[in-house]
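Before any comments, here is the structure.
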Amino acid sequence: MVHPHSIALRGALRSLRARPTLPQQRFFGVSARYQAEKPQASFKSQLYESTQARLKRERAEQERFAQYQTQSPGGRYAALLFALVFFSTGSYYLGSLKPAALPTSSTSPLVDLEPAQHNVSPSNLQAAWSDFVEILGKENVSTTPGDLDSHAGSDWSSYSLKENEKPFLILYPSTTEEVSKIMKVCHTRIIPVTPYSGGTSLEGHFAPTRGGVCIDFRRMDRILQLNKSDLDVVVQPALGWEELNEELTKDGLFFPPTQVPVL
Ligand SMILES: Cc1cc2nc3c(=O)[nH]c(=O)nc-3n(C[C@H](O)[C@H](O)[C@H](O)COP(=O)(O)OP(=O)(O)OC[C@H]3O[C@@H](n4cnc5c(N)ncnc54)[C@H](O)[C@@H]3O)c2cc1C
């Protein structure tokens with residue numbers, strides 16, 4: 001038999017348990033929020049991942065060690081030799097890419113030089129003719145026999161003319177750019193070039209002993225810049241010294257040739 005007072009007391013106790021006090025509620029609320037912000041599961045997964053990574057690393061190291069153990073000493077030497085040969089060949093190749101040191105003397109004996117290689121075959125020169133016509137126009141590319149003869153030598157020259165030492169054609173450029181384009185063609189086709197300005201050389205300097213082409217500069221005869229205070233002048237290659245002096249006289253200047261004729 002239960003006392004009616006004890007029933008009332010239990011009822012009161014149950015209701016107390018069912019309705020927690022305010023401070024308890026607040027404490028419970030804070031704890032739940034903390035758990036939501038920092039879930040325990042993420043820490044666990046981190047721990048799991050780092051353990052997995054460590055195990056994987058250890059396993060790989062063990063495998064490497066086991067592999068090394070199973071290699072025969074002969075195999076190891078062969079691998080070492082291969083690495084040595086590979087690196088020496090590679091180093092030699094890289095070293096050969098560097099250009100050789102320049103000669104220290106001011107002159108090079110002819111025997112030290114490689115003979116010049118040219119291509120003066122008719123087919124190569126004929127093909128070059130079209131390239132030159134494209135650069136200068138037909139009127140500035142001459143193949144007339146008289147032109148070829150007059151550019152092979154002169155009455156002044158002490159060098160005796162040879163029938164097989166004539167240019168294949170004569171070019172008449174008017175600008176530095178044109179000369180540059182001509183030289184590019186000659187470089188690509190390995191064609192020898194002889195420049196010609198007044199043709200007054202006495203020692204046969206402009207004789208085209210290797211054939212090829214001749215560049216006559218007669219259309220490039222201008223004074224480019226006169227530096228009076230420095231007493232120098234920049235000219236194009238075909239300017240004659242007499243024409244130069246005509247201009248210099250206007251400024252009270254004079255260009256003396258090395259040998260002034262004695263009258
Ligand atoms: C009667 C007479 C008198 C002379 N008097 C003198 C004198 O008083 N003083 C003197 O110094 N010389 C004198 N000379 C020599 C002659 O004038 C020189 O050799 C002169 O420098 C030649 O110049 P050029 O423009 O006629 O060249 P060229 O005779 O046409 O060529 C001479 C050389 O230079 C090369 N050449 C020409 N143009 C160029 C260029 N643009 N780029 C690179 N190379 C080129 C040629 O291929 C050749 O090898 C005299 C010659 C004669 C015939």
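Just so you know, ligand 1 is whichever comes first in the structure, and atom 1 is the first atom listed for that ligand.
- Some N or O of Pro195 is nearer than 3.5 Å to an N or O of ligand 1, by distance alone.
- The contact set between ligand 1 and Phe217, taken as ligand atoms under 4.0 Å from a residue heavy atom, comprises 40 (C), 41 (N).
- In this comparison of His151, His205, Gln236, the heavy atom closest to atom 33 (C) of ligand 1 sits on His205.
- Of all the listed residues (Pro256, Gly240, Gly199), Gly199 holds the heavy atom that lies closest to atom 28 (P) of ligand 1.
- Residues Arg189 and Asp131 are paired through a salt bridge, judged by an N-O separation under 4.0 Å between the basic side chain and the carboxylate.
- Taking a cut-off of under 4.0 Å to the non-hydrogen atoms of Pro237, the atoms of ligand 1 that pass are 41 (N).
- Residues Leu231 and Leu248 fall within the same hydrophobic cluster, defined by Ile, Leu, Val, Met, Phe, Trp and Tyr side chains chained together at heavy-atom separations under 4.5 Å.
- Residue nearest to atom 50 (C) of ligand 1, selected from Leu202, Val193, Val179: Leu202 (by heavy-atom distance).
- Under a hydrophobic clustering in which Ile, Leu, Val, Met, Phe, Trp and Tyr are joined whenever their side-chain heavy atoms come within less than 4.5 Å, directly or via other members, Ile215 and Val141 fall into the same cluster.
- Donor-acceptor pairing under 3.5 Å is lacking for the side chains of Gln126 and Asn124.
- Looking at Thr200 next to ligand 1, an N or O pair under 3.5 Å apart turns up.
- Tyr172 and Glu178 share no side-chain donor-acceptor pair at under 3.5 Å.
- Between Glu61 and Arg57, no side-chain nitrogen of the basic residue sits less than 4.0 Å from a carboxylate oxygen of the acidic one, so the salt-bridge criterion is not met.
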